Each structure stands twice: as structure tokens, then as C-alpha cells.
There are 2 protein chains.
Amino acid sequence: MQLEQALTILKDEGYKYTEKREDILNFFNKEDGYRTASDLLNYLSKKYSGISYDTIYRNLHLFHDLNILETTELGGEKHFRLSCGHDEHHHHFICKSCGKTKAIESCPMNHIRQNFDGYYIENHKFEVYGLCPSCL
Amino acid sequence: MQLEQALTILKDEGYKYTEKREDILNFFNKEDGYRTASDLLNYLSKKYSGISYDTIYRNLHLFHDLNILETTELGGEKHFRLSCGHDEHHHHFICKSCGKTKAIESCPMNHIRQNFDGYYIENHKFEVYGLCPSCL
DNA sequence: TTACAAATCGTAATGATTACGATATGATGA
DNA sequence: TCATCATATCGTAATCATTACGATTTGTAA
């Protein structure tokens with residue numbers, strides 16, 4: 001996802017443009033992988049010494065609600081990354097060292113032979129973990 | 001997994017037999033689904049009024065290390081269930097309401113067309129979430 | 001420029017988990 | 001059976017991520 005695109009979404013939805021929000025988006029754009037709230041806090045603290053948890057978490061949740069950020073849970077901590085912007089549903093390989101991802105195009109739900117008659121299927125999670133070439 | 005089998009593992013590995021440990025195993029046997037540490041704490045508190053967090057978490061981790069319990073992370077909280085005892089690698093449907101599971105025999109790793117040359121693949125997670133027939 | 005809703009700050013509360021010294025208790029051998 | 005000792009448990013505090021909220025600041029639109 002492009003940064004302009006994200007800022008346009010914010011504007012269109014009636015949210016204010018703030019420098020912090022731009023910095024948050026720049027952070028995720030630069031980092032290009034899954035990052036935690038405290039990663040973001042550390043980054044923003046350099047520029048804004050007294051930044052509040054409220055600002056961090058409120059904006060992370062907002063960006064997630066607006067589909068600007070994707071989220072997953074790794075090791076008990078929520079992680080965020082810029083939405084891939086793929087139109088098609090997909091999954092990710094995630095590097096345990098640097099958090100960077102690689103898209104997996106095929107979805108396991110297409111290969112399930114199990115019978116789920118009588119069940120309501122809401123969603124699913126498929127993630128592959130390991131080390132990317134640069135971290136190896 | 002049978003309870004006797006679990007108690008045998010404990011004994012063989014040189015751990016002590018205690019009533020609390022038996023109660024913990026009975027709890028997971030009875031519940032038959034993913035449960036949290038606080039579910040277990042609530043259960044054990046009925047019988048042991050002053051039970052310690054230390055006891056809960058130490059035993060959950062021990063049982064997990066001994067492959068007596070399987071674990072997954074749901075909604076930011078670790079959940080535990082008795083190991084299925086399936087010899088074959090498999091995955092689970094998990095009911096969001098009652099925590100009960102249904103095995104999924106096929107593994108998505110067998111259907112991936114992606115090229116992971118240069119990557120080290122360590123593990124993966126595939127879980128399907130929804131509601132089971134009794135909870136619908 | 002003003003007014004107001006939205007955004008942020010500062011800080012405390014919450015909830016899950018971990019930590020640890022003190023005490024109690026299974027298991028083993030005499 | 002009893003003594004011993006390592007293991008298990010207790011009681012409680014600390015830690016870490018996250019949420020909450022009243023007070024203050026700041027974009028934005030009129």
C-alpha cells in the first residue's frame with residue numbers, strides 16, 4: 001500500500017491529518033515487516049519525547065480498522081504491518097528474526113477434505129515461520 | 001492421550017506425583033478443548049482455596065514440555081489442551097465459543113507451490129475458527 | 001479567527017504471566 | 001517406619017502489554 005493512499009483513506013473517512021500519523025505510516029513503510037506497538041513507540045519517542053501509549057494504540061487500532069494495517073499475533077504480542085494491498089486473499093511466510101514477510105498465494109481452505117457440515121466457519125490463520133535469506 | 005499415560009510420563013521423567021497434578025490432568029480430560037490458565041485456576045480454586053499462580057503456570061509449562069499438553073494462542077491468551085496423541089501431524093478447527101476442536105488431517109504445507117529456496121522453514125500454524133454444531 | 005470535535009498527553013488501571021524466598025511434601029534409602 | 005532432601009507449592013510482588021480516562025492541545029471548517 002502506498003502512503004498517499006493511506007493518507008487519502010484517513011482524509012476521506014474524516015480523520016485529521018497529523019504529523020504523528022504520517023510518521024507512523026512512514027515507520028511501517030520503512031520497516032516493511034511485522035512490528036510491535038513498542039517498536040513503534042521506540043521509534044516515535046526519538047522525535048516526540050513524551051508520546052503517549054494512547055496515541056500509539058489508538059492509531060494502530062484505527063489503521064487496522066481502516067485496512068491500512070494488517071495484524072497478527074506472534075509470541076503473545078500483536079504485530080502490525082502495512083496491508084499488502086493484494087486484492088486476493090493470501091497468507092504469509094514470516095521471518096522470525098526480522099519480521100519481513102513473503103506472500104503465499106495458495107490458501108489451505110481450498111484443499112481441505114474435511115467435512116464441516118453443521119459447523120460455522122468464520123475465519124482461519126495460516127502462517128509459515130522461519131528465517132529469510134538475509135537472516136540466514 | 002490417556003491420563004494413565006500422562007502420569008506414567010511424569011513418573012518416568014522423575015517428576016513427583018501430586019494430587020494437584022492429577023487434578024490438572026483430570027480438568028483437561030474433562031474439558032476436552034482449549035482452555036486458559038485462568039480457566040484452570042478457577043477450577044482448582046474450588047478445591048484448593050489458596051492455590052498459587054506458580055503452581056498453575058509451572059505445571060502447564062511442564063506438561064507442555066513433556067508433550068502432554070498442546071498449546072496455541074487465541075486472542076492474546078495462551079490456551080492448552082490435552083495432546084491429541086495422533087501420531088500424524090495435523091491441524092485443528094477450534095470453536096470460538098466452547099474451545100472444542102476437530103482435527104484437520106490435511107496439512108497446507110503439502111499444497112504450497114511457493115518457492116522457498118534460500119529460506120529456512122521452521123514451523124507453521126494452520127487453524128480454522130468458527131462455531132461447532134452444539135454452539136450454533 | 002473562532003469554535004468545536006478530534007487528537008494527544010500524562011498517568012493510572014487492568015490482566016496475563018513471571019519471579020522468588022519461605023515453607024511443605026513426595027520419594028528414596030537406611 | 002523414619003529421616004533426608006530435592007521437588008513442589010505458597011504467598012506475594014514484579015513485569016509486560018494493553019486499556020482507560022480526565023485534562024489539555026490542535027486540526028479543520030465555517
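Chain letters run A, B, ... following the sequence lines, proteins first, then strands; residues in each count from 1. Predicted model only: the values in this text are computed from it and were never measured.
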If you check the B:K16 side chain, which of C:dT18, D:dA8, D:dT9 turns out closest? D:dA8
Base, sugar-phosphate, or nothing for [X], non-hydrogen atoms under 4.0 angstrom?
{"X": "A:R21", "value": "sugar-phosphate"}
{"X": "A:Y53", "value": "base"}
{"X": "A:Y15", "value": "sugar-phosphate"}

Polar side-chain contact A:T18-D:dG27 base: donor and acceptor under 3.5 Å: no
For DNA chain D, whose closest nucleotide is more 5', that of B:S49 or that of A:H79? B:S49
What is the distance, to the nearest angstrom, from the [atom1] atom on [X] to the [atom2] atom on [N]?
{"X": "A:E73", "N": "D:dT18", "atom1": "CD", "atom2": "P", "value": "8 Å"}
{"X": "B:I51", "N": "C:dT25", "atom1": "CD1", "atom2": "P", "value": "14 Å"}
{"X": "B:K47", "N": "D:dT9", "atom1": "NZ", "atom2": "C1'", "value": "15 Å"}

On the nucleotide C:dT11, are OP1 or OP2 found under 4.0 Å from the side-chain N or O atoms that A:S52 carries? no
Which residues share a ring-ring contact (aromatic ring centres under 6.0 Å, His included) with A:Y57, sequence neighbours left out: none
Could B:E19 and B:R21 be called an ion pair, given the rule that one side-chain N must be under 4.0 Å from one carboxylate O? no
Check the surroundings of atom NZ in A:K96: do more than 12 heavy atoms from other residues, nucleotides or ligands lie under 6.0 Å from it? yes
